[in-house]
Amino acid sequence: HPAAVTVLDSGVFDNGLPYLVMELLVGADVAAVSDDALPAGEAIAIARPVAEMLAVAAERGLVHRDIKPANVFLHRTGGDGRSGKVEVKVLDFGLAKMLDDSDPLGGDMTQQGAIVGTPAYIAPERLEGRPFGPPVDVFSLGVLLYRLLAGRLPFTAAGGSLWELLEALKRCEPAPLTSPCGELPEGLCELVMSMVAREPERRPQADEVAARLAEMERSTGEAGADLAALVARTRRGPVERHDSSTTLEPLPDSRSPFED
């Protein structure tokens with residue numbers, strides 16, 4: 001898919017170390033753009049290609065498992081970071097998993113029973129150790145889109161600790177979505193809130209998300225928002241990355257962090 005980073009070659013060195021050769025991307029990841037809210041047109045222009053890519057991945061039984069700002073890149077095709085159109089690219093398939101009937105959890109846990117990912121963007125069913133599928137990526141994209149529109153995450157921890165965040169994912173509903181950049185297109189708030197629903201069956205599929213975002217672009221006349229201007233005003237240098245993935249270690253008694 002055009003929104004997935006292209007792998008040009010792969011192999012194994014003589015010492016047994018595997019390698020991948022990927023296309024060179026020039027620009028900035030979404031994490032480097034701004035911590036503030038973006039206009040709806042820009043947020044939709046970023047999220048729609050990601051949803052389209054996730055829809056193709058879901059058809060093939062692939063779950064990315066780490067959709068977040070640092071893994072969505074705004075690539076300037078001119079090669080110098082200042083010219084050419086902007087293409088949205090999804091990066092880092094290192095945590096991606098193929099789902100099949102023999103592995104109902106999709107290999108989500110390590111041998112030690114830990115879960116990998118970026119905590120604020122991990123769907124509740126993964127944190128609880130429940131069977132999961134493509135809806136976990138829709139949840140992560142919903143958190144990303146919420147952050148782009150509101151300038152904040154839908155689930156936060158008052159004390160700032162990881163376990164408080166997990167508890168918020170368990171017990172708290174996300175704050176109503178509002179944007180400091182103005183009124184949101186009709187249906188956008190409802191769509192984003194459905195994407196971050198706690199139960200996966202309440203979330204729309206990725207292809208539906210992509211179709212609804214495309215329709216909003218057409219109806220508002222904001223199709224093809226100027227992402228080049230967005231890259232030009234990044235608050236940090238090009239290609240800088242942050243929001244690293246982490247491993248969530250199990251509790252000492254091996255209980256789910258969501259158990260009472």
Side-chain angles (χ1 to χ4, degrees), residues 47 50-51 54-55 57-58 61-72 90 92-99 103-110 112-150 152-177 189-209 243-260:
V50 178
L54 291 177
L62 180 69
V63 180
H64 186 282
R65 298 198 301 174
D66 202 21
I67 297 296
K68 59 183 181 181
N71 283 342
V72 178
V90 177
D92 197 355
F93 286 78
L95 299 184
K97 285 289 183 179
M98 296 296 299
L99 302 179
D103 188 6
L105 292 181
D108 198 39
M109 293 189 179
T110 67
Q112 292 76 32
I115 297 175
V116 292
T118 304
Y121 295 85
I122 298 178
E125 62 267 32
R126 286 190 59 211
L127 292 168
E128 294 177 332
R130 290 187 280 156
F132 71 90
V136 300
D137 285 340
V138 171
F139 179 90
S140 300
L141 179 58
V143 175
L144 170 60
L145 188 50
Y146 186 109
R147 175 183 177 265
L148 292 178
L149 292 166
R152 65 182 188 278
L153 292 168
F155 302 95
T156 57
S161 74
L162 171 60
W163 294 109
E164 285 177 310
L165 173 61
L166 301 184
E167 190 68 13
L169 279 164
K170 175 186 177 182
R171 300 185 183 279
C172 302
E173 293 295 325
L177 174 59
C189 180
E190 176 190 359
L191 174 62
V192 175
M193 298 302 286
S194 68
M195 293 169 69
V196 297
R198 187 174 187 279
E199 295 302 327
E201 59 269 19
R202 292 171 52 200
R203 300 173 205 147
Q205 296 184 2
D207 57 353
E208 179 185 348
V209 173
D243 269 354
S244 299
S245 302
T246 188
T247 299
L248 305 184
E249 298 294 343
L251 293 174
D253 57 3
S254 298
R255 292 183 298 115
S256 163
F258 288 93
E259 293 179 6
D260 293 326

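Counting heavy atoms from C-beta outward, R65 and F132 have side chains that approach closer than 4.5 Å. Counting only heavy atoms from C-beta outward, the side chains of P131 and E125 never approach each other to under 4.5 Å. Put simply, the side chain of P174 reaches to within 4.5 Å of the side chain of M193, judged on heavy atoms. Two residues are said to be in side-chain contact when any heavy atoms from C-beta on lie closer than 4.5 Å; F139 and I67 fail this criterion. The side-chain heavy atoms of S194 and L191, taken from C-beta on, include a pair separated by under 4.5 Å.
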- Take R147 and Y121 through the side-chain contact (heavy atoms from CB on, under 4.5 Å) test and state the conclusion after the steps. CA-CA 11 Å; R147 175 183 177 265; Y121 295 85; 3.3 Å; yes

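Nearest heavy-atom pair across L145 and A47 is CD1-CB, 3.8 Å. Counting all heavy atoms, side chain and backbone alike, P154 lies closest to V143 at CD-CG1, 3.8 Å. Between A150 and L177, the shortest heavy-atom contact is CB-CD1, 3.7 Å. Heavy-atom minimum distance, P69 versus L144: CG-CD1, 3.5 Å. Of all heavy-atom pairs spanning P204 and V209, the tightest one is CG-CG2, 3.6 Å. For the residue pair A175 and R152, the shortest heavy atom distance occurs at CB-NH2, 4.1 Å.
Side-chain atoms of D137 come within 3.5 Å of backbone N or O of H64 as a donor-acceptor pair. A donor-acceptor pair under 3.5 Å links the side-chain atoms of N71 to the main chain of D66, judged by distance alone. Looking at R203, its side chain does come within 3.5 Å of a backbone N or O of R198 through a donor-acceptor pair.
When each of V72, L54, V90, V136 is paired with L141, the side chain to side chain contact (heavy atoms under 4.5 Å, CB included) condition holds for L54 and for no other.
Surrounding CD of E208 are more than 12 heavy atoms belonging to other residues, nucleotides or ligands, all under 6.0 Å away.
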